[in-house]
Amino acid sequence: MITIMTTDSSKNTIRVRFAPSPTGHLHVGGARTALYNWLYARKTGGVFVLRIEDTDAQRSTRESYEGILRGMRWLGLDWDEGPDVGGDYGPYIQSARGVLYHTDAARLIEDGKAYHCFCTPERLEELRLEQKEKRLPIKYDGLCRGLSVEEADEKIKAGDPHILRFRMPEEGEARFRDIVRGDFKTANTELDDFVLIKSDGLPTYNFAVVVDDARMKISHVIRGDDHISNTPRQVHIYLALGYKVPKFAHLPMILGGDRARLSKRHGAVSIDWYADQQYLPDAMVNYLALLGWSFDDKQELFSRKALTDKFSLKKVSKNPAMFDNDKMEYINAEHFKKLTPAQKVMHVYHVLKDEGYIPGDFHVDLENPVDLKLVPGTEPLTGNGEKSGGDELGRLFLIVSALGNRLKLLKDAPGHIGYFFKDDYEVDDNAVETHLTRREVPERLEKLADKLAGLNYFDRERVEEVVRALADEMEIEAGELIHPGRVALTGGTVSPDIFQVIVLLGKGKTVERLRKAAGIAKQ
RNA sequence: GGCCCCUUAGUCUAGUGGUCAGGACGCAUGGUUCUCAGCCAUGAAUCAGGGGUUCGACUCCCCUAGGGGCUACCA
């Protein structure tokens, strides 16, 4: 017989959340915050919640909301509860939670912990100006603090615009422990009677975030450092409402190149941009994880699995970090290297197809990657080097393998190997200038074309043999044929092994391009 | 103005009283080679500054400087 120790699961489960406001795209800072929450949830077997904080009615948009979800999906950060998938603690979008805020606000009023304020924005503005002039701390002066509930109700009935303020205790302090920062405390005298509910009836961020986190049973609040100064206010709300204060972990900011907080003006900060550039999501996740966290002094390349195993909030750094694109590219290249040949081909295939390098009738069963592994890569290009039976896939395999580690960004694939698929590939004028304009070049290319045309078996060995033999015969370095040949065949000075290029191009195309280049070179 | 946080090479970081201050990106040089990438080897480059505490400070304390955040009816 098995005895099961029953515990209240809701009590011990770790619940974390990512709570973006839909006022812009998902940027790397937000993505990093989402990632750390996700990693922590996945590592601990906890629950990852996605909540949309749209209490800023003016700036929130549907597009942003969708963009954020798209970005998270691209990164592979799946959420267990959220506006689209539901959950036990919904709704997961603040604009739909109005009654909850008002219910809790009513409790606060009843307990005398919050009060209505009728000061006009103009008066508040004047007050601030005056305090600024006198070099006093800028805070609300408490004018409406003394209003009785009856007086307030009367004004409300009369239709006076009003807001709800928290009644900050005059003595004492708010304290909390931050997993990243350590102990943190703020004297109440530093705080003022901040706003809970705005005159439009919507809660402020500080109020909504507490009500939501508490009611959604969030155990760990993992968010950006920019929120740490507001945390004491939030602790006050938790306490006033009788809610359990969660654990906090405030993450260091991510900075742009000028060390200022990352923002739109720093260019490539949108996750969408990295998706467009065909970065690998796993690489992005790896790099983002490294911005503010490290495992030890040797490992920095992590698979998603390794990250979820090894991630720890305790090892999160306190220092703000700058986003370094070079390192991002490096990490991306490393991840690409680790892909299986079949995976590489799939990725390259997609990019080439999107960019119009592969005709629509080229069919590959991408739903079934196993098929790709079964393709006998060497088969289609034996014999005369012309593709056999339309097996373009085998050819793609060989091209990608010939490319080797040259491909750092998938986006660059067309630039690297576009000439295999199109005749109107990009031509580097400088390359033509330096390699094809010399007097002796046309003859060499013609001869090379002749020799290759005469080959019956078009494989790498034989092609190399022919090229080197011709060089010997002409008493020139092999490079004298190879370099102009490369420009003639690929349009540039950079390519994989030239003999492989020739084979993969096939005899027909090779000869055709060499002759064409010879013709151009003559002029 | 007030309060708070942060500070190891250009960048991301390891380090917690005694280390030649370690790694990675980037950079430079050399090797491999038909180019480029890659790979291999080598190298330059760091504890923000000043005071303490201590036999001994990157490490602990204080001050200064620089950066950042909050101080909104933004989040």
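Each chain gets a letter, A, B and so on, in the order the sequences are listed, and its residues count up from 1.
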Per atom distances to the Asp324(A) side chain, the nearest of G10(B), A72(B), A75(B) is G10(B)

Any base atoms under 4.0 Å from Ser21(A), or only sugar-phosphate, or nothing? Heavy atoms, all strands. sugar-phosphate

Taking 4.0 Å as the cut-off, does a side-chain nitrogen or oxygen of Asn319(A) come that near to OP1 or OP2 on U8(B)? yes

Of the options C25(B), G1(B), C73(B), whose atoms approach the side-chain atoms of Arg165(A) most closely? C73(B)

For U32(B) versus C20(B), give the span between their P atoms, rounded off to a whole number of Å. 37 Å

Phosphate OP1/OP2 of A75(B): any Lys198(A) side-chain N/O under 4.0 Å: yes

Residue Ile138(A), side-chain atoms from C-beta onward, closest of U13(B), G1(B), G2(B): G1(B)

Please give the distance between the P atoms of C74(B) and C62(B) as a whole number of Å. 38 Å

Measure from the side chain of Glu334(A), starting at C-beta and using heavy atoms only, and say which of C70(B), A37(B), C39(B) lies closest. C39(B)

Nearest to the side chain of Pro320(A), heavy atoms from C-beta on, is which of C6(B), G22(B), U13(B)? C6(B)

Can you tell me how far P of U35(B) sits from OH of Tyr419(A), to the nearest Å? 15 Å

C36(B), OP1 or OP2 - any side-chain N/O from Lys408(A) closer than 4.0 Å? no

Closer than 4.0 Å, any side-chain N/O of Lys139(A) to the OP1 or OP2 of A72(B)? no

Is the ring pair Tyr274(A)/Phe323(A) parallel, tilted or perpendicular, if the boundaries are 30 and 60 degrees? tilted

Nucleotide of C39(B), C5(B), C73(B) approaching Phe184(A) most closely (side-chain heavy atoms): C5(B)

Could you check whether Ile228(A) gets within reach of a base, just the sugar-phosphate, or nothing at all, counting any heavy atom under 4.0 Å? nothing

Is the closest side-chain heavy-atom distance between Ile237(A) and Phe207(A) below 4.5 Å? yes

Give me the distance, rounded to whole Å, that separates U8(B) from A48(B) when you measure between the P atoms they each carry. 6 Å

Measure from the side-chain heavy atoms of Val195(A) and tell me the nearest of C74(B), U13(B), C73(B). C73(B)

Ignoring backbone atoms, test whether Tyr205(A) places a side-chain nitrogen or oxygen under 4.0 Å from the OP1 or OP2 oxygen of A75(B). no

For Tyr140(A), is the NZ or CZ atom of Arg165(A) found under 6.0 angstrom from the centre of its six-membered ring and inside 45 degrees of the ring axis? yes

Taking the cut-offs as 6.0 angstrom to the six-membered ring centre and 45 degrees off its axis, would you call Arg32(A) and Tyr36(A) a cation-pi pair? yes

Over how many whole Å does the gap from Lys315(A) atom NZ to U16(B) atom P extend? 10 Å

Regarding C5(B), can its base be found pairing with the side chain of Arg181(A) as donor and acceptor, where the two atoms are less than 3.5 Å apart? no

Strand partner of C3(B), provided both Watson-Crick or wobble distances fall under 3.5 Å: G69(B)

Can a side chain N or O of Thr204(A) be found less than 4.0 Å away from OP1 or OP2 on A75(B)? no

What contact category does Pro232(A) fall into here, base, sugar-phosphate, or nothing, at under 4.0 angstrom with non-hydrogen atoms? nothing

Between Gln299(A) (CD) and G23(B) (P), how many Å, whole number? 17 Å

How do Asp192(A) and Arg486(A) order along RNA chain B: which one's closest nucleotide is nearer the 5' end? Arg486(A)

Give me the distance, rounded to whole Å, that separates A65(B) from A75(B) when you measure between the C1' atoms they each carry. 32 Å

Option passing salt bridge (charged side-chain N to carboxylate O under 4.0 Å, His left out) with Glu473(A) (candidates Lys451(A), Lys447(A), Arg468(A)): Lys451(A)

At under 4.0 Å between heavy atoms, what does Arg233(A) touch on the DNA or RNA strands: base, sugar-phosphate, or nothing? sugar-phosphate

For the aromatic rings, using the six-membered ring if either is Trp, is the centroid distance between Tyr205(A) and His227(A) under 6.0 Å? yes

Applying a 4.0 Å non-hydrogen cut-off, can you work out what Lys132(A) is touching in the nucleic acid: base, sugar-phosphate, or nothing? nothing

Could you check whether Thr55(A) gets within reach of a base, just the sugar-phosphate, or nothing at all, counting any heavy atom under 4.0 Å? sugar-phosphate

Between A41(B) and C60(B), how far apart are the two C1' atoms, rounded to whole Å? 42 Å

Expressed as a whole number of angstroms, how long is the span from Arg51(A):CZ to A75(B):P? 13 Å

Have a look at Gly292(A) and say if it touches a base, only the backbone sugar-phosphate, or nothing, with a 4.0 Å heavy-atom cut-off. sugar-phosphate

We want to know whether Gln94(A) and Asp54(A) form a side-chain donor-acceptor pair, criterion being a heavy-atom distance below 3.5 angstrom. no

Expressed as a whole number of Å, how far does the P atom of G23(B) sit from that of C55(B)? 33 Å

Report which part of the nucleic acid Arg406(A) touches: base, sugar-phosphate, or nothing (heavy-atom distance under 4.0 Å, all strands). base

Indicate whether the side chain of Asp212(A) and that of Tyr101(A) have a donor and an acceptor atom separated by less than 3.5 Å. yes

Students often get this wrong, so: under 4.0 angstrom with heavy atoms, is His227(A) touching a base, only sugar-phosphate, or nothing? base

Integer angstrom distance from the C1' of G38(B) to that of A44(B): 23 Å

Of A14(B), C36(B), G38(B), the nucleotide closest to the side chain of Val494(A) is C36(B)

P atoms of A21(B) and A57(B), separation to the nearest Å: 15 Å

Separation of U11(B) P from Tyr287(A) OH (nearest whole Å): 12 Å

Give the nucleotide from the list C36(B), U71(B), C73(B) with an atom nearest to the side chain of Asn230(A). U71(B)

Base, sugar-phosphate, or nothing for Ser495(A), non-hydrogen atoms under 4.0 angstrom? base

Kindly check if the number of other-residue, nucleotide or ligand heavy atoms within 6.0 Å of CZ (Arg177(A)) is above 12? no

Considering only side-chain heavy atoms of Lys327(A), which listed nucleotide, A75(B), U35(B), C25(B), is closest? C25(B)

